[in-house]
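On a predicted model such as this, the values are computed, not experimentally measured, just so you know. The figures that follow rest on heavy atoms only: side chains count, while hydrogens, waters and symmetry mates do not. Per chain, numbering begins at 1; letters A, B, ... match sequence-line order.
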Protein chains: 2
Amino acid sequence: MKVAGRSRCSTFKNMSASRKAKQKNHAPVFAALGDETRLTLVRRLANGEPQSISQLTEGTELTRQAVTKHLRVLEGVGIVNSKPSGREKLFEFNAHPLNELRDYLDLVSSQWDDALSRLKAFVED
Amino acid sequence: MKVAGRSRCSTFKNMSASRKAKQKNHAPVFAALGDETRLTLVRRLANGEPQSISQLTEGTELTRQAVTKHLRVLEGVGIVNSKPSGREKLFEFNAHPLNELRDYLDLVSSQWDDALSRLKAFVED
DNA sequence: TTAACTAGCAACCTCCAGGTTGCATATCAT
DNA sequence: ATGATATGCAACCTGGAGGTTGCTAGTTAA
């Protein structure tokens, strides 16, 4: 059973295809995750099936409205999607933005590795 | 020359060593990256040698004080370190927190994969 | 057909992140 | 010694994030 194994070679200069004009705005996505409540919601949705606003409000110490606002923030950057189902509105996790963040962090780390290499080479020279 | 190759198997139930009591607060780190100015500073520092506040202020449209505050935020979560050097204060990148974020994103993604697997198994049942 | 449940909208409040300015202080170059 | 440079500190301002409450409206179950 293939489980969508993620293996990446981050120190790769020639990032041709995937990294085309991907100068995306990652800051808003980071910001969306920069809140404990929102992180909890994300973990919760990434852990199972879609849930309604009322369901997601349970376990929180917040109002439904507050949770709604948080969900809107998450939806605004694509971390969750919503679909109406009867009288409720179900939110489901979407892994794509988080994967992009992961790739971005890899990119920055690889830049750092390269910088260290250059520095080391310079010193050894 | 070994370049600290990063290869991970994220869908791994038995995360023994590294994931001990690592219930860390990731939200503040995400929040620190959730600002375009700060992201730019990080990229800049991850791209080369330590730089002073004045240097980092160049290229920005902000005041030195504003940049200072941003740097303090980044330092607060460990993304950068600072060391005084004469009359200036040099900031250097520290990859560790970003690596932890990457691992965390991997963890959430793997939870999502598992959830999908369970759902699939349930449907096929 | 009601009563209970789920969600949206709008107004409002509070606090702090992000930014500025002004002044003080340490260090470097000449 | 002195002027230029680099930073720190404190006060201040403003907008928006995060939260609440009250009311309205659609959907479901009895």
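Inspection of the B:Asn99 and B:Arg102 side chains reveals an N or O donor paired with an N or O acceptor under 3.5 Å.
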Sequence neighbours excluded and cut-off under 3.5 Å, please list the side-chain donor-acceptor pairs for residues 80-89 of chain A, or say none.
unit_1, atom_1, unit_2, atom_2, d
A:Ser82, OG, A:Glu75, OE2, 2.6

Would you give me the side-chain donor-acceptor pairs under 3.5 Å for residues 58-67 of chain A, sequence neighbours excluded?
unit_1, atom_1, unit_2, atom_2, d
A:Thr60, OG1, A:Leu56, O, 3.2
A:Thr60, OG1, A:Thr57, O, 3.0

Would you list the atom pairs, donor with acceptor, under 3.5 Å between side chains in residues 32-41 of chain A and any protein atom, with sequence neighbours excluded?
unit_1, atom_1, unit_2, atom_2, d
A:Asp35, OD1, A:Thr37, N, 2.9
A:Asp35, OD1, A:Arg38, N, 3.2
A:Arg38, NE, A:Ala32, O, 2.9
A:Arg38, NH1, A:His70, ND1, 3.2
A:Arg38, NH2, A:Ala31, O, 3.2
A:Thr40, OG1, A:Glu36, O, 2.9
A:Thr40, OG1, A:Arg43, NH2, 3.4

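With contacts defined as side-chain heavy-atom distances shorter than 4.5 Å, the pair A:Leu105/B:Glu100 does not qualify.
Pairs engaging residues 76-95 of chain A under the ring-ring contact (aromatic ring centres under 6.0 Å, His included) rule: A:Phe93-B:Trp112 [sequence neighbours left out].
Applying the 4.0 Å criterion to OP1 and OP2 of D:dG8, one finds that B:Lys89 has a side-chain N or O inside that range. Between B:His70 and C:dA17, a side-chain N or O to OP1/OP2 separation shorter than 4.0 Å is absent.
Within residues 52-67 of chain A, the residues that have a heavy atom under 4.0 Å from DNA chain C are, in order of number, A:Ser52, A:Ile53, A:Ser54, A:Arg64, A:Gln65. Against DNA chain D, the stretch residues 29-38 of chain A makes heavy-atom approaches under 4.0 Å through A:Asp35, A:Arg38.
Atom CG in B:Leu71 sits roughly 15 Å away from atom C1' in C:dA17 (whole-Å rounding). The CG-P distance, from B:Leu90 to C:dT27, rounds to 14 Å in whole Å. When the P atom of D:dT7 is taken as reference, atom CZ of B:Arg72 falls 12 Å away, rounded to whole Å. Atom CD in A:Glu75 sits about 13 Å away from atom P in C:dA7, given to the nearest Å.
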Atom pairs under 3.5 Å, N or O on each side, protein against nucleotides 11-14 of chain D: can you list them with distances?
none

Please list, for nucleotides 28-30 of chain D, all pairs of protein and nucleotide N/O atoms separated by less than 3.5 Å.
none

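Both A:Val73 and A:Glu88 lie close to DNA chain D; mapped to their nearest nucleotides by heavy-atom distance, the more 5′-ward contact belongs to A:Val73.
Summary of helix geometry: the two end axes of the helix from C:dT1-D:dA30 to C:dT30-D:dA1, each defined by five base pairs via their C1' atoms, are inclined to each other by 30° (rounded to 10°).
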